[in-house]
Protein chains: 2
Amino acid sequence: MGTVSIREVAARAGVSPGTISNVLNRPERVAPETRERVMRAIRELGFVRHGSASTLRAGQSRTIGLSVIDIGNPFFTDVAAGVEEAASELGYAVILGNSAGSRDKEERNLLVLAEQRVRGVLITPSDEDPSRLDALRDRGISVVLVDHPAHRPDQCSVAVNDIAGGQMAASHLLSLGARRIGYVTGPRSIRQCVDRRQGAEHAVAAAGLDPEAVIEDVEVPSMTARAGQQAAASLLESGLPDAVFCANDLLAVGFLRALLQAGVRVPRDVALIGYDDIDFAAASAVSLSSVRQPTHRLGRIATELLLDECDHPDTHVHQQVMFQPELVVRESTAGGARPEERESP
Amino acid sequence: MGTVSIREVAARAGVSPGTISNVLNRPERVAPETRERVMRAIRELGFVRHGSASTLRAGQSRTIGLSVIDIGNPFFTDVAAGVEEAASELGYAVILGNSAGSRDKEERNLLVLAEQRVRGVLITPSDEDPSRLDALRDRGISVVLVDHPAHRPDQCSVAVNDIAGGQMAASHLLSLGARRIGYVTGPRSIRQCVDRRQGAEHAVAAAGLDPEAVIEDVEVPSMTARAGQQAAASLLESGLPDAVFCANDLLAVGFLRALLQAGVRVPRDVALIGYDDIDFAAASAVSLSSVRQPTHRLGRIATELLLDECDHPDTHVHQQVMFQPELVVRESTAGGARPEERESP
DNA sequence: ATCCGGCGATAAGACGTTTTAATAAATCGA
DNA sequence: TCGATTTATTAAAACGTCTTATCGCCGGAT
């Protein structure tokens with residue numbers, strides 16, 4: 001029972017342990033006949049290589065870490081699926097960490113990854129502080145930023161232009177006639193929220209208007225549907241703007257639900273746009289306009305960059321990949337906020 | 001640079017390597033003064049324990065594996081969040097595997113987990129074949145089934161009564177007057193699909209009707225929104241029943257979308273119910289009736305059972321936990337399929 | 001003064017693999 | 001036929017930690 005080691009396989013095949021290792025790691029160096037004999041012994045004994053021993057001796061593992069902010073958000077799930085797919089193709093396992101927006105939790109997760117001596121880490125950092133990541137790099141663990149542009153040239157990153165996305169969303173709302181735009185956002189420590197707002201400001205300014213007068217912030221503590229509902233409640237109390245831009249679709253879905261429950265008509269009374277274009281945006285009560293990001297590719301490319309950096313450190317060139325988002329118009333902004341649309345009640 | 005080992009910490013603190021190990025693993029055995037000195041050295045040198053060396057020597061790791069069928073399904077995401085949360089609290093890391101419905105992929109994932117010498121595995125098996133899991137158990141890796149009842153008394157499992165759930169859904173549809181019910185299902189190899197149908201049969205039989213005459217199967221190859229759309233297309237062609245029961249919400253969301261696009265009114269022309277009660281069920285175009293499962297708890301309890309089995313093998317008693325699902329009625333079955341509801345067009 | 005028990009700390013040997021240098025065997029050119 | 005080269009295999013030493021048995025020390029009982 002229990003564990004069968006390389007030694008027993010060696011005995012069974014009538015060779016030395018070193019040869020087993022060669023069959024496993026450099027099969028071309030061992031004679032075909034011997035190789036076949038060893039493979040048979042492995043099969044017959046049900047041998048499975050001890051990854052920890054291998055990692056210990058070889059000094060490097062076949063696992064990578066993935067640290068995301070909210071595994072419950074379909075955006076990150078799609079990214080994770082892309083990561084898992086690419087990693088699995090290249091023979092790597094993925095250790096998942098969910099920081100749930102907490103700095104502490106993220107730190108603990110990174111410690112676990114460091115202990116596991118993962119080959120590299122894919123991370124959507126929960127804040128701008130680079131010290132923890134530098135610590136990882138000092139330990140020889142490569143880091144690729146996901147959905148976050150790298151500030152340093154010696155670091156890979158894969159991101160989507162959030163400023164452009166915010167601009168698209170806001171100028172779309174402006175084109176519908178909106179002159180007061182609510183911006184429902186998560187904490188300011190989240191770069192995405194800040195960038196998307198900045199993009200919105202650009203759009204407003206480009207339209208010859210004053211961003212301060214047009215854009216009204218509603219900040220909520222997390223980026224979930226529940227928080228979106230809260231935001232709607234607060235805005236219903238203080239007075240609704242012409243249009244609302246939610247920093248992600250989860251917020252928008254919750255926001256929409258609360259609005260409809262309160263009898264507000266979308267897009268007639270308020271136009272609404274989200275961000276991420278998660279699968280359900282198209283299926284929600286009023287189908288949701290949004291800003292689409294190539295999520296699956298984000299995960300895949302990030303993984304490929306990371307593993308290229310790990311497996312070919314000499315030829316690897318660091319890249320900061322920046323994708324462009326895409327506006328998706330649906331019912332929630334169709335026609336829009338102008339009162340003359342359709343007959344009045 | 002790079003890695004600082006226990007030995008250097010020992011030198012710095014003026015003790016032997018064994019003492020460092022004791023501080024790390026049995027702090028109570030070392031004098032408070034020494035402990036403090038060691039902790040300081042650890043901090044100053046930025047020492048991080050080499051998990052692989054530890055695993056190799058100790059013969060057991062602090063990681064568990066999680067193998068799910070579809071990480072893109074919010075049901076599994078919620079389960080995974082529960083798992084991650086509980087594992088993290090108990091100091092375990094989670095290695096994620098997504099079998100994407102493929103037997104091969106699942107097998108590869110399990111091999112990786114075996115190589116990593118994970119302490120245990122949480123798995124939603126993609127089929128009924130227990131041989132792969134037995135192989136894991138033979139290697140001393142505990143296995144807990146998630147969303148799947150164990151057939152053996154010496155194995156833990158956490159599941160939800162799918163027969164009861166199917167019964168709830170179907171009897172609800174019957175109570176609305178439905179006499180022909182479409183059942184949109186994934187492959188028959190998926191136990192959930194089979195059980196939920198069986199529950200529906202019970203409900204139909206209990207109503208004094210013939211299940212064969214009432215229930216009409218539409219089988220699709222995967223349980224995604226896209227597949228739901230296909231199912232709708234096929235049913236639109238062959239003629240719509242009074243009501244439709246989709247084996248999960250993803251199918252139902254896609255089904256609903258296709259129906260609405262074809263001008264079919266829900267629930268007036270067709271009543272529709274899904275399964276899982278994912279977050280978006282309440283937010284879809286016509287809010288979706290569904291059968292709720294305690295997903296997060298499923299993941300948490302499964303993890304707690306697994307780690308209890310690992311950490312206290314002597315006192316551990318195997319449990320087959322079975323939760324009861326809950327019917328959630330929303331618009332998609334409100335009023336229902338009877339033609340006399342509301343005025344005609 | 002001696003012995004005993006208990007506490008803290010240590011020395012040294014695993015754990016299972018990879019790797020390096022070395023050996024043995026086979027192939028080749030002259 | 002002989003040395004030179006290549007090819008296939010091996011022996012043995014790591015990798016960093018945990019653990020077992022051992023040892024020294026101190027206080028208290030004899």
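For clarity, every value in this text was computed on a predicted model and none was experimentally measured. We name chains A, B, ... by the order of the sequence lines, and we start the count at 1 in each one.
If you take CD of Glu33(B) and P of dG8(C), they are 12 Å apart, rounded to a whole angstrom. One can place CZ of Arg29(B) at 15 Å from P of dG6(C), the figure rounded to the nearest angstrom. The CD1-P distance, from Ile20(B) to dG8(C), rounds to 16 Å in whole Å. When rounded to the nearest whole Å, the span between CG of Asn25(A) and C1' of dT17(C) equals 9 Å. Rounding to whole angstrom units, CZ of residue Arg26(A) and C1' of dT19(C) are separated by 7 Å.
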With the criterion being N/O to N/O and under 3.5 Å, what pairs connect the protein with nucleotides 12-16 of chain C, and how long is each?
from	atom 1	to	atom 2	distance (Å)
dG13(C)	N2	Arg57(B)	NH1	2.6
dA14(C)	N3	Arg57(B)	NH1	3.0

Subject >> Chi angles and distances behind the salt bridge (charged side-chain N to carboxylate O under 4.0 Å, His left out) call for Glu304(A), Arg300(A) >> reply: CA-CA 6 Å; Glu304(A) 288 171 356; Arg300(A) 171 168 275 282; 3.0 Å; yes

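Each of Leu122(A), Leu306(A), Thr303(A), Leu305(A) was compared with Val146(A) under the side-chain contact (heavy atoms from CB on, under 4.5 Å) criterion, and only Leu122(A) meets it. For the side-chain contact (heavy atoms from CB on, under 4.5 Å) criterion with Phe75(B), the lone passing option out of Asp70(B), Thr124(B), Leu298(B), Val68(B) is Leu298(B).
Using a 4.0 Å cut-off between charged side-chain N and carboxylate O, Arg37(A) and Glu33(A) make a salt bridge. Remark: Arg12(B) does not engage Glu8(B) in a salt bridge, criterion side-chain N to carboxylate O under 4.0 Å. Ion pairing between a basic and an acidic side chain is recognised when a charged N comes within 4.0 Å of a carboxylate O; Arg43(B) and Glu36(B) show such pairing.
Nearest heavy-atom pair across Tyr92(A) and Ser61(A) is CE2-O, 4.0 Å. The two residues Arg35(A) and Val30(A) come nearest to each other via the heavy atoms NH2-O, 3.3 Å.
Nucleotides of DNA chain C nearest to Arg37(B) and Gly51(A) differ in position, and the one nearer the 5' end is that of Arg37(B). If you find the closest nucleotide of DNA chain C to Thr34(B) and to Thr19(A), the one lying nearer the 5' end belongs to Thr34(B).
If you check every strand for non-hydrogen atoms under 4.0 Å, Thr55(A) touches nothing.
On the nucleic acid side, DNA chain D has its first and last nucleotide under 4.0 Å of a heavy atom of chain B at dG16(D) to dT19(D), going 5' to 3'.
Checked by atom type, the side-chain pair His316(B)/Asp308(B) shows a donor-acceptor distance below 3.5 Å.
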